[in-house]
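The structure under discussion appears below in the form of structure tokens.
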Amino acid sequence: MLQNTGKLAGCTLFITGASRGIGKAIALKAARDGANIVIAAKTAEPHPKLPGTIYTAAQEVEAAGGKALACVVDIRDEQQIEDAVQKAVDKFGGIDILVNNASAISLTGTLETPLKKVDLMLGINLRGTYLTSKLVIPHLLKSRSPHILNLSPPLNLNPVWFKNHTAYTMAKYGMSMCVLGMAEEFRGQIAVNALWPKTAIRTAAMDMLGGEGISKQCRTSDIMADAAYAVLTRPKDYTGHFLIDEDILKEQGVQDFDQYAVQPGHPLLPDFFLDEAPESLVGQMEQHGATPAFKPPSSSSSARPSSSGGPIEGTFTAIRGVLSEDVVKSTQGIYQFDLSGEHEGLWFLDLKSGSGHAGQGQSPVKADVVMTMDSGDFSKMFAGKLKPTLAFMSGKLRIKGDMTLALRLEKLMSRMNKAKL
């Protein structure tokens with residue numbers, strides 16, 4: 001881990017979304033220097049699925065050696081931000097650093113993303129980041145070492161990062177555009193930079209998004225906390241950079257990155273937006289069983305030949321072998337599989353009624369989830385040889401419909417693997 005130097009002692013950090021995850025990790029890293037931390041987040045009462053509140057985070061900050069101010073803040077609400085900023089100034093005498101960490105995500109296509117979800121992502125990621133920055137900047141201009149750090153990616157315009165989740169990419173890139181503009185606008189006055197992880201980071205949100213087994217493909221939030229610390233302890237003329245956690249730590253002399261892995265030695269899941277050299281990313285993903293979406297797809301005709309008796313039928317025979325009323329009760333979803341490649345065809349899986357039912361063709365009842373992928377990858381996925389999360393995040397698996405139900409299907413795959421498909 002990157003050693004603390006004490007450079008943030010007495011500095012005041014205003015961190016959005018700091019009640020858990022990466023935001024809290026950055027807060028605790030700064031707290032070890034003796035920094036003042038404003039925890040600006042929504043969670044005042046315990047969440048049924050996500051750990052931590054602004055008050056438990058404040059306790060951890062103070063236990064680590066810092067001073068804490070817990071503020072209930074929805075960054076879509078201008079008045080709540082203004083109130084929190086004023087409380088911070090009243091208690092700590094000013095604000096030196098703003099970390100725009102709060103974010104919302106929905107990895108869904110244009111037709112599958114409700115406008116309410118679009119508004120949420122744009123409201124938090126783009127508007128919330130801009131608004132919080134606007135209200136904190138007057139105080140940063142009074143600081144001796146002012147910084148804004150947005151947790152957002154490089155502005156990569158490769159269409160692969162848009163086509164499966166246009167709304168999310170637009171919203172997330174909005175945070176990056178704030179860096180691009182404000183770094184130049186306040187050059188010489190405030191350091192404005194972006195930080196993004198090279199790999200997936202284990203957080204409660206990632207556990208919900210990725211399902212069972214995602215953790216071992218991730219690094220811990222400590223790597224982002226260390227990288228943020230390395231950026232925030234630099235002078236204010238270090239500005240306008242789109243930084244990757246691993247790169248900035250290598251510059252600091254860190255060589256052992258296994259220390260950040262949830263499961264050292266396990267292949268890591270690459271994060272979004274980092275294909276500045278697409279061919280190298282292709283090689284990295286294929287090494288771990290994925291086919292990136294930006295590779296030319298295999299040709300297929302519009303016809304749907306039968307794959308009866310082939311490997312897909314074998315997979316569905318195994319699926320039928322593990323179906324039960326308990327599986328149906330815990331899943332409650334109907335799935336359609338649109339397979340291409342050597343054994344292309346339509347298949348369905350009904351996990352909503354009776355003891356479940358699976359077969360070839362169009363689902364008799366409208367599917368809740370439609371999964372599109374190569375037939376060979378489908379077999380690998382149900383055999384446990386291809387991680388569904390990696391397949392989805394790399395574009396190999398496309399999902400339309402209810403993402404929650406899509407994640408529940410991974411439990412069935414796990415059960416099949418135990419039955420030695």
Side-chain angles (χ1 to χ4, degrees), residues 1-44 46-47 50-75 80-81 84-85 87-89 91-103 124 128-129 132-133 136 139-140 143 145-152 193-197 201-206 219-234 245 248-249 260:
M1 302 293 176
L2 191 68
Q3 294 298 310
N4 280 67
T5 61
K7 290 182 179 180
L8 296 183
C11 291
T12 298
L13 288 75
F14 191 104
I15 308 177
T16 66
S19 59
R20 62 178 66 91
I22 294 172
K24 187 179 80 170
I26 294 173
L28 293 176
K29 182 71 176 179
R32 295 184 190 106
D33 266 7
N36 308 315
I37 310 296
V38 183
I39 301 164
K42 293 193 300 180
T43 309
H47 190 282
L50 298 173
T53 68
I54 57 174
Y55 303 112
T56 59
Q59 291 172 352
E60 291 183 56
V61 164
E62 296 189 343
K67 295 180 181 178
L69 173 63
C71 297
V72 177
V73 177
D74 180 339
I75 62 170
Q80 287 188 17
I81 302 171
V85 168
K87 288 178 182 177
V89 172
K91 181 168 184 174
F92 299 124
I95 299 173
D96 302 289
I97 294 169
L98 168 62
V99 178
N100 285 308
N101 165 71
S103 185
I124 294 176
T129 294
T132 306
S133 301
V136 172
H139 302 283
L140 296 180
S143 171
S145 185
H147 280 264
I148 295 176
L149 183 65
N150 291 357
L151 299 193
S152 62
N193 296 289
L195 178 64
W196 193 245
I201 302 296
R202 183 184 66 180
T203 61
M206 177 58 76
R219 285 173 170 164
T220 69
S221 55
D222 289 334
I223 189 170
M224 287 292 283
D226 280 1
Y229 184 86
V231 177
L232 298 175
T233 52
R234 294 198 176 191
D245 56 358
I248 192 73
L249 289 175
Y260 297 112

- Query: So how far is it from I54 CD1 to T43 OG1, rounded to the nearest 0.5 Å?
  - Reply: 8.0 Å

- Message: One pair to check against side-chain contact (heavy atoms from CB on, under 4.5 Å): T53 and S19. What are the steps and the verdict?
- Response: CA-CA 5 Å; T53 68; S19 59; 5.7 Å; no

- Message: Tell me if a side-chain donor or acceptor on T56 pairs with a main-chain N or O of G52 at a distance below 3.5 Å.
- Response: no

- Task: Might you point out which heavy atoms bring V38 and F92 nearest each other, and give the distance in Å?
- Result: CG2-CE1, 4.1 Å

- Report yes or no: do Y260 and D245 form a side-chain donor-acceptor pair below 3.5 Å? no

- Message: Show, in sequence, the C-alpha distance, side-chain angles and deciding distance for H139 and V89, and conclude whether the side-chain contact (heavy atoms from CB on, under 4.5 Å) test is met.
- Response: CA-CA 8 Å; H139 302 283; V89 172; 3.5 Å; yes

- Least distance between heavy atoms, M224 atom then I26 atom: O-CG1, 4.3 Å

- Check the pair T129, N150 against side-chain contact (heavy atoms from CB on, under 4.5 Å), reporting the backbone distance first and the verdict last. CA-CA 8 Å; T129 294; N150 291 357; 3.6 Å; yes

- Salt-bridge present (D226, K29; N to O < 4.0 Å): yes

- Under the side chain to side chain donor-acceptor pair (under 3.5 Å) test, residues paired with S145 that sit two or more places apart: none

- Quick one: CD1 on I201 to OG1 on T203, what's the gap to the nearest 0.5 Å? 8.5 Å

- Query: To the nearest 0.5 Å, what is the distance between CG (L232) and CG (N193)?
  - Reply: 8.5 Å

- Minimum heavy-atom distance A18-A41, with the two atoms named: N-CB, 4.0 Å

- Query: How would you list, by chain and number, every residue that makes a side chain to side chain donor-acceptor pair (under 3.5 Å) with T220, sequence neighbours excluded?
  - Reply: none

- Query: With no hydrogens and no angle check, is any side-chain donor or acceptor of D33 less than 3.5 Å from a backbone partner on L8?
  - Reply: yes

- When rounded to the nearest 0.5 Å, the distance separating CZ of R32 from OG1 of T5 is 13.0 Å

- Message: Between N100 and S133, do the side chains contain a donor N or O and an acceptor N or O under 3.5 Å apart?
- Response: yes

- Task: Return yes if a side-chain donor-acceptor contact under 3.5 Å exists between T12 and N36, otherwise no.
- Result: yes

- Work out which heavy atom in G128 is nearest to a heavy atom in T132; give both atom names and the distance. O-OG1, 2.8 Å

- For K91 and A68 the tightest heavy-atom approach is NZ-O, 3.1 Å

- Could you check V99, I39, I95 and say which one makes a side-chain contact (heavy atoms from CB on, under 4.5 Å) with F14? I95

- Exam field: side chain H147 to backbone L140, donor-acceptor pair closer than 3.5 Å: no

- Query: Does N101 use its side chain to pair, donor to acceptor, with the backbone of G17 at less than 3.5 Å?
  - Reply: yes

- Item | Side-chain (T16) to main-chain (A102) donor-acceptor, under 3.5 angstrom | yes

- Task: Indicate yes or no for a side-chain donor-acceptor contact from R20 to the backbone of P51 under 3.5 Å, with no hydrogens or angles considered.
- Result: yes

- Task: Rounded to the nearest 0.5 Å, what's the gap from CD1 on I97 to SG on C11? Could you check?
- Result: 5.0 Å

- Note on the structure: Interatomic distance, OH@Y229 vs CG@L28, rounded to 0.5 Å, equals 13.5 Å

- Query: Can you list the steps and then say if L69 with I37 is a side-chain contact (heavy atoms from CB on, under 4.5 Å)?
  - Reply: CA-CA 6 Å; L69 173 63; I37 310 296; over 6 Å; no

- Can you list every pair that meets salt bridge (charged side-chain N to carboxylate O under 4.0 Å, His left out) and has a residue in residues 54-69, with sequence neighbours left out? K24-E60

- Task: Provide the closest heavy-atom pair for V61 versus A27 in the form atom of the first, atom of the second, distance.
- Result: CG2-CB, 4.1 Å

